[in-house]
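Just so it is clear, the values below take in all heavy atoms, side chains as well, and ignore hydrogens, waters and symmetry mates. Just so it is clear, the structure is predicted and the values come from calculations on it, not from any experiment.
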Amino acid sequence: MKDMADYSGFSFVVRKWISGFSCKKPLDLLSTVLAGYMSIILTTIAFALVVAIYWPSISGYQAAAAVAFPHANKQQLKAATSSSPSHQEFPPEVVDLIANIRLARKKAEAAGSNLKKMGDPPMSFLSEEEEIASWHRDNPCMSRDELWPLYNQHRHGQELQPHPYLGAVLEEYSKLHRACMKNVGGDVIGLFKSRKNSSTTGCKFVMGDNEVATGLGNKVLSAVAAVMYSILTQRVLLIPVTTSIPGVMCEPFVGSSWKVATDGILTPAKFHTQFWSSVQDVYKGVQDAHTLAAVISINTSASDGSSDMSMGSQQNLSSAAKEDAAESAMSSGWNIYAARVNEDWDCQPEKRFFCESVQEFYRTQVTWMYFSECLYYLPKLFAVPTFRPTLEALFPDRMVLTHLLRLVMLPSDPVWLRVRQVHNVHLKHIDHRVGIQTRYFHGKQDWESLHEATAQAVAICLLDNHLLPNTSLSNTLNEEITEEDRAEAWKLAASPPDSHDSFSSHQIAASRGDDIADESNDTVFQDREVEGIKSELAQKKIPLSEMTYSVFITSLYNSLKDHLTKIYVRNPVATGETVALIQLTHEDKQQFGVEVDRQALTEVLGLSLSDDLITTPQSTFGAIAAGYGALVPWFIDIRQETPAGCVKGLTVDACFQIPSDKHFRCPGEPALDGKLIADEVHYIRDCHEIETPFVPVHGASLGFQLITNFSRINTRSPYE
């Protein structure tokens, strides 16, 4: 035993320490024994550390499935990931996107290694697996596991499942985001001010901001568009805390954070022009780069004796012009570090943003991009030729909004606890759920002039489309609403207040007569929606007298609930069904802040759990409710010439309201310049005519949207 102990330096120290006591002879034997056991323990600990550091972590494909199928249990997840992790069954466009994201991550990791050698940022001694576990402890998110199963409990949710390759893309993007934020080291403002470009950090960034006093619907829609753009271009998305999105939603990218406190130093960009180059600077850089490319082309052609340009064109570019073009390109456009994407109007990117040449410039020359948006410009990303094939492969059903909302825009725990309570108390055991959202865009004065017409239109919509049963009072409802009433309501709706220089989104005019040919599968799906209630009840074999209905109302005012109370609470339903009316809040005026947005998101998700949804035209609040719920909404219709009360929407995806232009505006791309986007991308169509703004904003009128391809909806869970 003594010989074994002598081989351990540590045991020798321990033995010497113990032998220092007066009773040396007995303790000498004891110290030898203890030293031997201590050597064994230390060896075991060292072995355990080696295993923890070098043991392979969960495979990329399994992690992708964990994102794509958050409601799967361990056995289901194992079955879902039993195939090869090479993504061989994925569309080639998706494979290419994943490869590009991985390449960007490798660049970030390589840059991170160099930064660590210089002591910036500090090194982490945790393994990746330990870091992820720590991140989950610090960023709990119940909805990550519970949101999709909740929708699966409802008729509409059962018809939609996530596409596995979207989960794989998000998992790879999360790794890129994590690698870059490690390089940042927690000091985003310091990194930005250091003006370290992507060659130093290995990363490029998008700052996704919002206009001040933007409602939750606009914030969420613009954030979803920024997420998609960041993934397509392999940029790290950062969301300022001032938008309230980080306080309302979970951290979406595992192991990382999209939250940034700019403290008014970097944002809004239009007030900090010393940091952010203008859109015009970018356009000048694009032009200079184009000119320099032409110069290089001429020189190359001259050197090999060939030429694709006429002699006149070559003579027009004199030596002085070539030098000026090169000098201008290098001194202005090619030196852009951070740039805005909008200038004249903060709600959407400028017209040329969607041109290939401009995107190429942003991709190769600009490290930081600043978005300050309030509109859902994502449909227009399909217009960019290099983005389109990838987007079509990722979203064959074209339900972009629904998939990104459910996988990325996950409600935080304070919100989710409220949603669970609302569902369990008011919605869980109901046979048929109807959600109704009313919006008065100019506040109290709009409400005073429109609430009666709106309430009457909603009641007619409910009855005529068999969304709720008849009562003794509702049988006479249609007779009470005269043409004079409709004419007066329309007159009020079509008169924007003099005190407001913008438009009222519900003040709509049926000025367009465009015939939008429905795809056959769309018609079949919508017919099934209308007949869904009857068939569902027949399968359940529930007697009409035992049927329960719930009407979940969201509005700043309680007038609609009062109106429906007179019909359904104070009067018996003819066939004995029960109708419950629920309205959680009525604040009387729109407010802003994290707590306000948390409650707003709670009510959005309550609406999304409906079987049928009725919303106000052009309301982004209603649009994200339809998106979360994968619902084609009914739009409240108070137009004079349409006595129906409501009209069915065209698609699940939200309307890109008032786009700055529906044409390609790409002067450097003559094959596309001036063409109508809808002519090139057939599934981008005008929004429903009821969403036409009465007053065009910045020259824009009716928006456009992605038309859902219902025949390509993934109806089967991949882990079944």
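- In this structure, Trp258 and Pro252 have side chains that are in contact, with non-hydrogen atoms separated by less than 4.5 Å.
- Residue Gln583 qualifies as enclosed at atom CD: its count of foreign heavy atoms under 6.0 Å is above 12.
- Under a 3.5 Å cut-off, the side chain of Ser134 and the backbone N or O of Glu131 do not form any donor-acceptor pair.
- Residue-environment remark: CD (Glu595) exceeds the threshold of 12 foreign heavy atoms within 6.0 Å.
- A cation-pi geometry, defined here as NZ or CZ lying under 6.0 Å from the six-membered ring centre and within 45° of its normal, does not hold between Arg433 and Phe552.
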Quiz item: Run the salt bridge (Lys or Arg N to Asp or Glu O under 4.0 Å) check on Arg418 and Glu603 step by step: do they pass?
Solution: CA-CA 9 Å; Arg418 301 179 198 182; Glu603 300 191 17; over 6 Å; no
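- Under the 4.0 Å criterion applied to side-chain N and carboxylate O atoms, Arg144 and Glu251 are not assigned as salt-bridge partners.
- Between Tyr568 and Tyr549, the ring centre distance reaches or exceeds 6.0 Å.
- Considering only heavy atoms from C-beta on, Thr548 stays 4.5 Å or farther from His429 through its side chain.
- Gln437 and Ser555 share no donor-acceptor pair across their side chains, judged by distance under 3.5 Å alone.
- Looking at residues two or more places apart in sequence or on another chain, you find a side chain to side chain contact (heavy atoms under 4.5 Å, CB included) between Thr214 and Asn210, Glu211, Asn218, Lys219, Cys374.
- Ser610 places a side-chain N or O within donor-acceptor distance of the main-chain N or O of Gly435, the cut-off being under 3.5 Å.
- In this structure, Trp135 contributes its side chain and Ser256 its backbone to a donor-acceptor pair below 3.5 Å.
- Here the side chain of Thr402 pairs no donor or acceptor atom with the backbone of Met399 at under 3.5 angstrom.
- For the side chain to side chain contact (heavy atoms under 4.5 Å, CB included) with Lys561, the qualifying choice from Ile553, Val569, Val551 is Ile553, the only one to do so.
- Phe621 pairs with exactly one of Leu607, Leu601, Val220 by the side chain to side chain contact (heavy atoms under 4.5 Å, CB included) rule, that one being Leu607.
- When the side chain to side chain contact (heavy atoms under 4.5 Å, CB included) test is applied to Pro414, the partners found at least two apart in sequence or on another chain are Ser412, Arg598.
- Taking the six-membered ring where tryptophan is involved, the planes of Tyr173 and Phe253 are perpendicular, since the angle between them exceeds 60° and thus also 30°.
- For Tyr557, the ring pair (Phe, Tyr, Trp, His ring centres under 6.0 Å) criterion is met by Tyr440, Trp447, not counting sequence neighbours.
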